[in-house]
Number of protein chains: 2
Amino acid sequence: MGLLDEHKSERRARILAAARRHVARHGYDGLTMRDLAQAARVSVPTLYNLFGGKDAILTAALAESVERVAALHVPADTTYFGRALLGFDAGMTMIADAPDFYRRLIPLFMTSPEARPIRMRTELGFLALMTANLTAARDAGQLAEWAEPRVVAGHMFAQYMAAFLHWGVGEVDLDGFRTLALSGICHLLLGVARGRFAEEVAARARELTPRVAALADTRPTQEAPHARSAD
Amino acid sequence: MGLLDEHKSERRARILAAARRHVARHGYDGLTMRDLAQAARVSVPTLYNLFGGKDAILTAALAESVERVAALHVPADTTYFGRALLGFDAGMTMIADAPDFYRRLIPLFMTSPEARPIRMRTELGFLALMTANLTAARDAGQLAEWAEPRVVAGHMFAQYMAAFLHWGVGEVDLDGFRTLALSGICHLLLGVARGRFAEEVAARARELTPRVAALADTRPTQEAPHARSAD
DNA sequence: CCTGTTATTTTAACGTGTTATAGATTCATA
DNA sequence: TATGAATCTATAACACGTTAAAATAACAGG
């Protein structure tokens with residue numbers, strides 16, 4: 001509450017900002033604790049006092065971004081499919097905001113135990129939105145009666161994550177990521193949607209299929225430049 | 001061809017075996033190049049001469065395992081769904097063989113540029129099998145006419161990978177991995193399968209749904225023990 | 001203003017992956 | 001068997017993440 005804590009907050013902010021900038025430009029391995037300390041006008045042990053380590057710093061930077069999307073407002077005056085698209089696009093615009101930063105941190109985000117809270121937050125946010133959406137669809141008779149909204153939402157999230165990973169390792173570009181994830185989600189909904197919901201999903205799946213097929217054809221079959229090393 | 005190359009092969013084998021053993025027990029970070037050199041009765045620079053680095057060594061160990069599943073024989077005298085299950089099970093038994101080893105290396109396998117050839121090999125193998133299977137199903141009138149086998153197979157692979165990742169970070173156990181991946185694949189096929197293919201898929205999806213729902217309920221909501229650090 | 005507490009810095013060190021250099025060993029060949 | 005060419009080893013070093021220790025600065029309360 002005192003000035004002491006304010007200074008601590010300032011330092012934290014300076015460190016996170018410097019880390020963001022540096023990672024976006026030079027990648028995870030390109031960021032050294034000694035450089036970061038100098039850029040943030042702070043000593044190395046302070047980095048450890050305030051955060052705990054390199055991964056913890058980048059994790060905190062990631063968490064900041066995720067929180068920004070957490071408070072998400074999805075209007076109810078669209079179709080079930082339209083609502084699903086809105087939630088999907090929110091995550092996409094966040095990534096499009098600073099693609100290099102996210103891309104460089106995908107290994108950390110995907111697998112590190114440090115980043116598990118962020119993963120949970122992302123997944124639970126997605127699941128909550130989609131589960132509510134699918135439950136409403138089921139109540140309106142636009143979902144197969146045996147289908148479990150939460151289970152279906154989980155499989156949708158799997159499609160999203162797999163496409164995210166494909167983008168992270170450089171297999172597809174940002175547009176390909178979007179196409180891939182959307183097509184996967186539509187394919188998934190295809191078997192459980194009914195009525196108008198089903199019609200919309202089917203139309204979109206048909207439209208996306210050739211684009212996904214084209215994507216697969218243009219994928220590099222040889223090694224991509226090492227994304228993790230510093231440039 | 002000469003004795004010189006044989007000795008080199010022996011060294012490579014010794015190094016890979018020692019790395020396997022050590023990683024399964026103490027994890028990625030628990031394996032140091034100096035320890036590995038000693039365990040393989042080899043000097044540290046030799047590790048770099050023969051492989052190129054730590055990641056390259058583990059990548060080579062992973063590649064060995066993947067190659068063992070590559071030569072896969074799938075009998076044609078089953079239903080399309082049965083054949084899909086066979087290919088799926090092959091990958092599962094490989095993982096069940098040395099789960100600790102694979103689990104510890106998931107971050108490397110999933111995201112490292114070094115491991116891209118292995119990822120491609122895995123993905124292409126899966127896609128080839130499933131695409132052939134789906135194409136045959138389409139020719140037999142058991143697949144929606146607008147569906148693209150390769151695209152559907154890609155989305156199936158996404159379900160598989162997402163479940164794999166969930167297992168790798170400790171979100172579900174090996175049985176949960178199997179249940180999750182199968183349910184996802186069945187949900188995905190649900191919208192494009194027709195005839196008897198569709199009946200089998202639908203029956204399996206209905207059967208798996210409650211199990212996946214139960215899985216989601218028992219998931220830990222707090223932090224798991226750090227899997228990457230040495231024990 | 002002084003004092004005690006707390007936070008930050010300084011400095012040094014440890015173990016790590018990685019690499020260069022020079023010396024020893026091992027193989028193929030004459 | 002002796003020579004030459006690879007190849008491995010030994011040693012040392014570098015930069016990195018991380019942490020411990022003591023010294024210094026900044027704060028809160030009297």
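By convention in this document, chain letters (A, B, ...) are assigned in the order of the sequence lines, proteins followed by strands, and residues within each chain are numbered from 1.
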What integer distance in Å separates [X]:[atom1] from [N]:[atom2]?
{"X": "L36(B)", "N": "dG17(C)", "atom1": "CG", "atom2": "P", "result": "9 Å"}
{"X": "E10(B)", "N": "dT26(C)", "atom1": "CD", "atom2": "P", "result": "14 Å"}
{"X": "F51(B)", "N": "dT19(C)", "atom1": "CZ", "atom2": "C1'", "result": "18 Å"}
{"X": "R11(A)", "N": "dT6(C)", "atom1": "CZ", "atom2": "P", "result": "17 Å"}
{"X": "R12(B)", "N": "dC8(D)", "atom1": "CZ", "atom2": "P", "result": "11 Å"}
{"X": "K8(A)", "N": "dT5(C)", "atom1": "NZ", "atom2": "P", "result": "18 Å"}
{"X": "N49(B)", "N": "dA6(D)", "atom1": "CG", "atom2": "P", "result": "15 Å"}
{"X": "L47(B)", "N": "dA10(D)", "atom1": "CG", "atom2": "P", "result": "12 Å"}

Does G30(A) offer a backbone N or O that forms a donor-acceptor pair with the side chain of H22(A) under 3.5 Å?
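Judged by distance alone, yes, a pair lies under 3.5 Å.
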Main-chain N/O of T131(A) paired to R150(A) side chain as donor or acceptor, under 3.5 Å:
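Answer holds: no.
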What's the spacing between L58(B) CG and L31(B) CG if we round to 0.5 Å?
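That separation rounds to 6.0 Å.
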Suppose the criterion is salt bridge (Lys or Arg N to Asp or Glu O under 4.0 Å): which pairs have a residue in residues 178-187 of chain A, not counting sequence neighbours?
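Passing the test, one end in residues 178-187 of chain A: D89(A)-R178(A).
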Protein within reach of the bases, or only the backbone? For nucleotides 14-22 of chain D, mark each nucleotide 5' to 3' as B, S or -, using heavy atoms under 4.0 Å.
--BBBBB--
Verify whether one side chain among S183(A) and R204(A) offers a donor that lies under 3.5 Å from an acceptor in the other.
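Judged by distance alone, the side chains do not pair up.
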Measure from NZ or CZ of K54(A) to the centre of the six-membered ring of Y28(A) and say whether it is under 6.0 Å with the direction within 45° of the ring axis.
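Checked: cation-pi criterion met.
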